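Okay, structure first, notes after.
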Amino acid sequence: MKPNVYSVLLSRLSVKSRQNESSRHARKAWKAKRPKFSFSKIVLFLTLMFMFIPLFVIVAYSFNRSKGGEFTGLSLIWYKKLIFHSNDLWAALLNSLTVAFTAGIVSTILGTLASLGINWYKFRGRTFIQTISFLPMVLPEVIIGISMLIFFSGIKMPLGLFTIFAAHTTFCLPFVYLMVSARLEEFDFSIIEAAHDLGATELQTMTKVVVPAIMPGIMSGFLMAITMSLEDFVITFFVSGPGSTTLPLYVYSMIRFGVSPVINALSFVMILFTCAIAFCLRGGLKTIASSH
């Protein structure tokens, strides 16, 4: 690629950035004129309360001294047990994280390539592939789990972490495809033409122009895939085997004996970790989106 290609591309991107900035100012001005109280804001407030009150309850009871439902005082005993006396719980969490990140990476790569191929190229069966790609999103998880179990049994594959990884990759791929496709709808094709005019190869155009431009969609799909994999129980229940217990399966197995407040402590730690990641990535994704 010629040395001045970056300056040309940056100049085109800066024009689009200024257009986005003016659009943001217009949205802020419109929001400033809206009434302070409205029916939609009340509904939003009630919905947020409904969603977040259980989290506050979990956090509060993670500091409860007793194991029962009655709050008897503040204590860090459950955090101590979480750190020093919960080896099985940590093993289940490690299995969940391993499956989530591997399935997230593979589904992100496949979903991104599928989105580029389906949205930018015309071929026979394109509409059919677009239609069936959304089936894992609309089908009940129990159907996906049973069909995966029948498939793995048919090919004589032993159930374990690999079968959970394969099932989660299949389930998460449509979400990545949808996120990246939404980003491609706003893609400015003039920067590709500029890169080709200035001597960029197909590989250079893909790695230095296309991928950075759609990176917010790729990262959003990756995080969505990790989240969907971590919280999945139904599909994992059907395709798991001995020694492949994930965190949702471990919590489910504890129900017959009563869920320990150690789970509350772990939930609070995961909430803090998730908030920290979201806070760190928020600024980065906004910077990438505004620059492209």
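Everything numeric here is computed off the predicted structure, so don't read it as measured data.
- Ser229 places no side-chain N or O within 3.5 Å of a backbone atom of Ala225 that could act as its donor or acceptor partner.
- Atoms CG and OG, on Leu161 and Ser240 in that order, are 9.5 Å from each other to the nearest 0.5 Å.
- The backbone N or O of Leu89 sits nowhere less than 3.5 Å from a side-chain atom of Ser86 that would complete a donor-acceptor pair.
- The backbone N or O of Ser115 lies less than 3.5 Å from a partner atom in the side chain of Asn119, making a donor-acceptor pair.
- Between the CE atom of Met270 and the CD1 atom of Ile263 there is a distance of 10.0 Å, given to the nearest 0.5 Å.
- Proximity of Val106 to Phe165: side-chain heavy atoms (C-beta onward) are separated by under 4.5 Å at one or more points.
- Note that the OG atom of Ser267 and the CG atom of Leu82 stand 9.5 Å from one another [nearest 0.5 Å].
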Would you be so kind as to tabulate the donor-acceptor pairs closer than 3.5 Å made by side chains of residues 134-155, with sequence neighbours excluded?
| from | atom 1 | to | atom 2 | distance (Å) |
| --- | --- | --- | --- | --- |
| Ser147 | OG | Ile143 | O | 2.9 |
| Ser147 | OG | Ile144 | O | 2.8 |
| Ser153 | OG | Leu149 | O | 2.8 |

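- Under the side chain to side chain contact (heavy atoms under 4.5 Å, CB included) rule, Ile164 has a single partner from Leu159, Ile235, Thr169, Val239, which is Val239.
- Pro54 and Met49 get closest at one heavy-atom pair: CD-O, 4.5 Å.
- Residues Ile109 and Ile129 share a hydrophobic cluster, clusters being chains of Ile/Leu/Val/Met/Phe/Trp/Tyr side chains in contact below 4.5 Å.
- Remark: side-chain polar atoms of Trp78 are paired, donor with acceptor, to backbone N or O of Asn64 under 3.5 angstrom.
- Put simply, the side chain of Ser75 does not reach to within 4.5 Å of the side chain of Phe63, judged on heavy atoms.
- Hydrophobic clustering (ILVMFWY, side-chain heavy atoms < 4.5 Å, transitive): Phe50 and Val43 are in distinct clusters.
- To the nearest 0.5 angstrom, Phe238 atom CZ is 13.5 Å from Thr163 atom OG1.
- By the 30° and 60° cut-offs, the orientation of the rings of Phe233 relative to Phe237 is tilted.
- Under the 3.5 Å distance criterion, the side-chain polar atoms of Arg183 are matched with a main-chain donor or acceptor of Ala213.
- Surrounding OH of Tyr252 are at most 12 heavy atoms belonging to other residues, nucleotides or ligands under 6.0 Å away.
- Between the side chain of Glu185 and the backbone N or O of Ala182, no donor-acceptor pair lies under 3.5 Å.
- The backbone N or O of Thr236 lies less than 3.5 Å from a partner atom in the side chain of Asp232, making a donor-acceptor pair.
- Taking the side chain as every heavy atom from C-beta outward, Leu76 and Lys80 never approach each other to under 4.5 Å.
- Residues Val262 and Leu94 do not share a hydrophobic cluster, defined by chaining ILVMFWY side chains whose heavy atoms lie under 4.5 Å apart.
- In terms of hydrophobic clustering, with Ile, Leu, Val, Met, Phe, Trp and Tyr side chains grouped at heavy-atom distances under 4.5 Å, Phe273 and Phe268 are assigned to a common cluster.
- Hydrophobic clustering (side-chain heavy atoms under 4.5 Å, transitive across Ile, Leu, Val, Met, Phe, Trp, Tyr) groups Ile271 together with Phe56.
- With a 4.5 Å cut-off on side-chain heavy atoms, Leu74 and Arg65 do not count as touching.
- Between atom CG of residue Leu113 and atom OH of residue Tyr177 there is a gap of 13.0 Å, rounded to the nearest 0.5 Å.
- At a threshold of 4.5 Å between non-hydrogen side-chain atoms, the residues Phe101 and Ile226 count as touching.
- Each side chain to side chain donor-acceptor pair (under 3.5 Å) pair with one or both residues in residues 91-109, not counting sequence neighbours, would appear here, but there are none.
- Residues Pro174 and Leu178 are not in side-chain contact: their nearest non-hydrogen atoms beyond the backbone lie 4.5 Å or more apart.
- At least one side-chain heavy atom of Val210 sits under 4.5 Å from a side-chain heavy atom of Leu116.
- Residues Tyr250 and Thr245 share a closest heavy-atom pair of N-CG2, 3.7 Å.
- For the pair Ile214/Thr112, a side-chain contact is recorded, criterion being any heavy-atom separation below 4.5 Å from C-beta on.
- Nearest heavy-atom pair, Met179 versus Ser220, reported as atom, atom and distance to 0.1 Å: SD-CB, 4.2 Å.
- When every heavy atom of Val176 is checked against every heavy atom of Gly111, the shortest pair comes out as CG1-CA, 4.1 Å.
- Distance CD1/Ile118 to OG1/Thr127: 10.0 Å, rounded to 0.5 Å.
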